[in-house]
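First listed ligand is number 1; within each ligand, the first listed atom is number 1.
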Amino acid sequence: ARGAAEFVPDTADLSTLQEASCRCRGCDLYQNATQTVFGEGPPDASVVVVGEQPGDQEDRQGHPFVGPAGHLLDKALDEAGIDRDTVYLTNAVKHFKFVERGKRRIHKTPGRTEIVACSAWINAELALIRPRLVVCLGAVAAQAVIDPAFKVSQQRGEVVSRPDYRAIATVHPSAVLRAPDRAEAYAAFVDDLKKVRAEMG
Ligand code: URA
Ligand code: SF4
């Protein structure tokens, strides 16, 4: 994979970036996915929320966090006192990676190669938006944005300083949906988002 960098235009405009992302062939994932799912939200958002990659619904609809994980995220943000419309929502990897099982498309976690290949897009988004705080949902986002060795299990809810912004990682909403004790996992997720709310001032 050559990576996304050669497809990322030198622009100060997020919509130009988004349009260009539709033509990205920086790794193999564009081949089987329906479309690129780019970030969405206010270009001057003080908080950017980064997920892993689009899911089945996001791939079909072309928008981030519109499926079951997105609905859980909406509810949790709301409970933490954060208005979804004020945050910019995006993903570490912009194409859906999956395997087909009959009629179902089963999510596959992106690998290191795809995370690195796609990182030019998230870096370009962050460089234009310049948020105060980046919220990483799950290990893939935290590894793309904070540190390739980041362990969400050990460092969730911890605010870390990067040169251009602060960052905090929590679990992915899909992990909450799959948790054996979903109520407990959801409460812990909302607690982490309340820390985000507190950081927003
Ligand atoms: N999961 C993600 O990480 N991102 C989405 O956009 C949807 C589900
Ligand atoms: Fe480009 Fe990222 Fe899609 Fe790979 S996943 S083709 S790097 S936009």
Side-chain angles (χ1 to χ4, degrees), residues 1-9 11 14-41 45 47-77 84-85 87-99 104-126 134-146 150 152 156 169-179 185-186 189 192-193:
R2 296 158 301 165
E6 67 181 273
F7 300 92
V8 179
T11 175
L14 265 181
S15 54
T16 305
L17 209 58
Q18 183 258 325
E19 279 164 33
S21 76
C22 299
R23 298 183 291 273
C24 185
R25 298 181 163 213
C27 75
D28 291 340
L29 294 184
Y30 75 91
Q31 291 177 1
N32 297 320
T34 309
Q35 56 192 320
T36 304
V37 179
F38 205 66
E40 290 179 4
V47 176
V48 169
V49 175
V50 184
E52 181 190 276
Q53 63 170 344
D56 177 74
Q57 283 302 314
E58 289 79 15
D59 173 76
R60 293 176 196 279
Q61 298 181 37
H63 302 288
F65 289 106
V66 292
H71 292 139
L72 185 134
L73 175 64
D74 281 355
K75 188 162 166 276
L77 284 171
R84 167 174 172 148
D85 296 339
V87 305
Y88 183 90
L89 291 171
T90 190
N91 285 297
V93 171
K94 280 9 181 201
H95 276 106
F96 181 35
K97 182 176 183 180
F98 60 94
V99 285
R104 301 220 313 140
R105 304 192 301 169
I106 312 292
H107 158 276
K108 281 193 78 178
T109 304
R112 187 75 206 141
T113 311
E114 291 138 353
I115 297 169
V116 171
C118 209
S119 61
W121 291 115
I122 184 74
N123 290 340
E125 288 172 291
L126 293 175
V134 180
V135 183
C136 298
L137 303 178
V140 166
Q143 287 161 10
V145 172
I146 306 177
F150 194 93
V152 173
R156 71 179 289 181
T170 181
V171 295
H172 194 279
S174 298
V176 176
L177 289 172
R178 285 192 312 265
Y186 179 74
F189 184 53
D192 286 343
L193 294 178

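From L73, atom CG reaches atom CZ of R84 across 6.5 Å, with rounding to the nearest 0.5 Å. Separation of atoms OG1 (T90) and CZ (F38) is listed at 6.0 Å; rounding is to 0.5 Å.
Taking atom 4 (N) of ligand 1 as the reference point, the nearest protein heavy-atom neighbour is N91 OD1, 2.6 Å. In terms of protein heavy-atom proximity, atom 2 (C) of ligand 1 is nearest to Q53 O, 3.0 Å.
For E52, the salt bridge (Lys or Arg N to Asp or Glu O under 4.0 Å) criterion is met by no residue, not counting sequence neighbours. By the side chain to side chain donor-acceptor pair (under 3.5 Å) test, R105 pairs with D56, D59, sequence neighbours left out.
Sorted by chain and number, the protein atoms of type N, O or S within less than 2.8 Å of atom 4 (Fe) of ligand 2 are C27 SG.
Contacts with ligand 2 closer than 4.0 Å are made by no heavy atom of F7, backbone or side chain. Contacts between E58 and ligand 1 below 4.0 angstrom, taking non-hydrogen atoms only, involve the side chain exclusively.
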Query - From CA spacing to verdict: side chain to side chain donor-acceptor pair (under 3.5 Å), H95, Q35 - result: CA-CA 7 Å; H95 276 106; Q35 56 192 320; over 6 Å; no
Side-chain donor-acceptor pairs of residues 17-26 under 3.5 Å, sequence neighbours excluded:
from, atom 1, to, atom 2, distance (Å)
S21, OG, Q18, O, 2.6

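A heavy-atom distance below 4.5 Å is not found between the side chains of F96 and L29.
Across E114, E125, E40, a single residue satisfies salt bridge (charged side-chain N to carboxylate O under 4.0 Å, His left out) together with K94, and that is E125. None of V50, I115, N91 except one satisfies the side-chain contact (heavy atoms from CB on, under 4.5 Å) rule with V140; the exception is I115.
Using a 4.0 angstrom heavy-atom cutoff, H172 counts as in contact with ligand 1.
Proximity to G51 (heavy-atom distance under 4.0 Å) selects the following atoms of ligand 1: 3 (O).
For a threshold of 3.5 Å applied to N or O pairs, the pair formed by F65 and ligand 1 contains at least one separation below that value.
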